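What you are looking at is a predicted structure, and each value in this text was computed from that prediction instead of being measured. Note: hydrogens, waters and symmetry copies are ignored here, and every other heavy atom, side chains too, is used. The sequence lines fix the lettering, A, B, ..., with proteins before strands; numbering per chain opens at 1.
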Amino acid sequence: MRYLITNDLQYIKRNKVKLLLYCLVALFIGIFFKLSTGYLKSNYTFYSALGLKFESTDIIALLIFLIQQIVLVILAIDIIEKDISNNMANIFLRMNMTKWIISKIAIIIILSLILKAIIYIFAINIDLLMNNSYYINNWRYVIIWYAKDNLITLFNCLCSLILYIITLSHKNKMLFIIVIGMTLFLYNTRFDFFKMKFTFIMLTIIMLDILIIMLLRVKRKEILEVKLI
Amino acid sequence: MKLKVNKLSKKFKEEVILNNCSCSFEEGKIYGLVGRNGSGKSVFLKIICGFYTPTSGEITMDDYNYIAHNEFPKDTRALIEKNNFLSDLSGYDNLKLLSSIQNKISDEEIIETLKQVGLSEYKDKKFNTYSLGMKQKLGIAQVLMENPKLMILDEPFNGIDEKSVERLRELLLKKKKEGHLIIISSHIKEDIEYLADVIYKFDNGKIIQSK
């Protein structure tokens, strides 16, 4: 685990810092805009500033949501793909694929926790600057949102990973990202995850983990030979 | 330990890389794989490591077909293609981090391995300051440090000076005497003629025993 974490963090530091910075700047602008111009300062404003809810006409809230999800999906796929492309001998001769993918999921959770913590802290500070203190006054809810938000992001990442493994032979990353983006948009507008119970989301995530582990066995050839496809 | 390759074939799309290849490997011996670039040596080694799946045929380790069970070979280490070490860490820290996956060896054993491959003076230098030869030596150290039964080295002497190659040859002969099974590939026949007990030549997807 320590090896994989160090390896992934160094990879992100070397190759993905720009992407992360651009996305954070875009998110900060979106959050600032939402919190400073939200009419009436309804609950919706505070939800949507964090990308937790969006109406179909609310482009900024939609972007705040999509950027967070897609960045984590890209990171999740990248840290998996780089091991398969460049580091098979160091990793797979020392640990089995199940242990490896579980470690990778743990790393995705850590990344999500960190990224969202930065976003929430920024939003809370902007809210305080605007003399609202909505988030501070509702801190118990904010903690629950944070936990659910991370679980939902993990759910989205796992679904994307499953889609990625299934579509491995179609190596068009941009098309894949567009499909993921549209899928995320469509099903997130249809379901209100925040009304779902923690246990239900947790169970779904565990099921998805099991599905990924099974897929790794079934699609082992395609996964390990991805460089050759 | 006995590794048996039986009627192994590998195709990528329509291109046949290995065609009905059979051979066997036993512990306490060094096997050399020779052949021009692109003759299928690296693909063969990757199949043994379980990274590629054969199109047909089987590989067994002590009569156990690990590939059919979706597993990687047990107690095996390999240096295949480019080294993947963390550039911001020293050679020693890289090996320590890798060894932390299985936690089988002590810090002293890591230092001893670095000494054996001739890197003890540079163990605290960052990997990104290493020369090509030093990087290759660290890759060899990574294979040797945990004393695996099967050691796979793909073009291990690339970029290494003649004096260091001699030192590494002696080290590999010592490992052979200790009972390890070592498979080395090289496109330069002379590189391994001195070391190998058995040489397999790769040509047009076929394997021919030439020693």
Worksheet item: Would you say the side chain of A:Met88 lies within less than 4.5 Å of the side chain of B:Ile80, judging by non-hydrogen atoms?
Response: no

Discussion item. Using a 6.0 Å cut-off, check whether atom NZ of B:Lys135 has over 12 heavy atoms from anything other than its own residue.
Written reply: yes

Worksheet, complete the sentence: Checking heavy-atom separations under 4.5 Å from chain B, one finds in residues 99-119 of chain A A:Lys99

Response to the item:
OH of A:Tyr3 to CG of B:Leu86, rounded to nearest 0.5 Å, is 6.0 Å

Discussion item. To the closest 0.5 Å, what do you measure between SG (B:Cys49) and CG (A:Leu224)?
Written reply: 11.5 Å

Worksheet item: Where the side chain of A:Arg220 meets the backbone of B:Phe51, is there a donor-acceptor pair that is under 3.5 Å apart?
Response: no

Worksheet item: Distance from A:Leu93 atom CG to B:Gln142 atom CD, nearest 0.5 Å?
Response: 8.5 Å

Worksheet item: Do the side chain of B:Asn84 and the main chain of A:Asn90 share a donor and acceptor less than 3.5 angstrom apart?
Response: no

Worksheet item: Do you know the tightest heavy-atom contact between A:Gln10 and B:Ser87?
Response: OE1-N, 3.1 Å

Worksheet item: What residues form a side chain to side chain donor-acceptor pair (under 3.5 Å) with B:Glu146, not counting sequence neighbours?
Response: A:Arg94, B:Arg77

Worksheet item: Between A:Leu216, A:Asn96, A:Thr6, which has the largest tally of heavy atom pairs under 4.5 Å with chain B?
Response: A:Thr6

Item to complete: Check each atom of B:Gln102 against the heavy atoms of chain A and say whether the ones under 4.5 Å are side chain, backbone, both or neither.
Response: side chain

Discussion item. With a 4.0 Å cut-off on N to O distance, would you call B:Lys10 and A:Glu225 a salt bridge?
Written reply: yes

Worksheet item: Would you call B:Asn70 and A:Met97 a side-chain contact if the rule is heavy atoms closer than 4.5 Å?
Response: no

Worksheet item: Looking only at heavy atoms, what is the nearest atom pair of A:Ala89 and B:Ala78, with distance?
Response: CB-O, 3.6 Å

Discussion item. Which atoms of B:Ser99 are under 4.5 Å from chain A, going by heavy atoms: the side chain, the backbone, both sets, or neither?
Written reply: neither

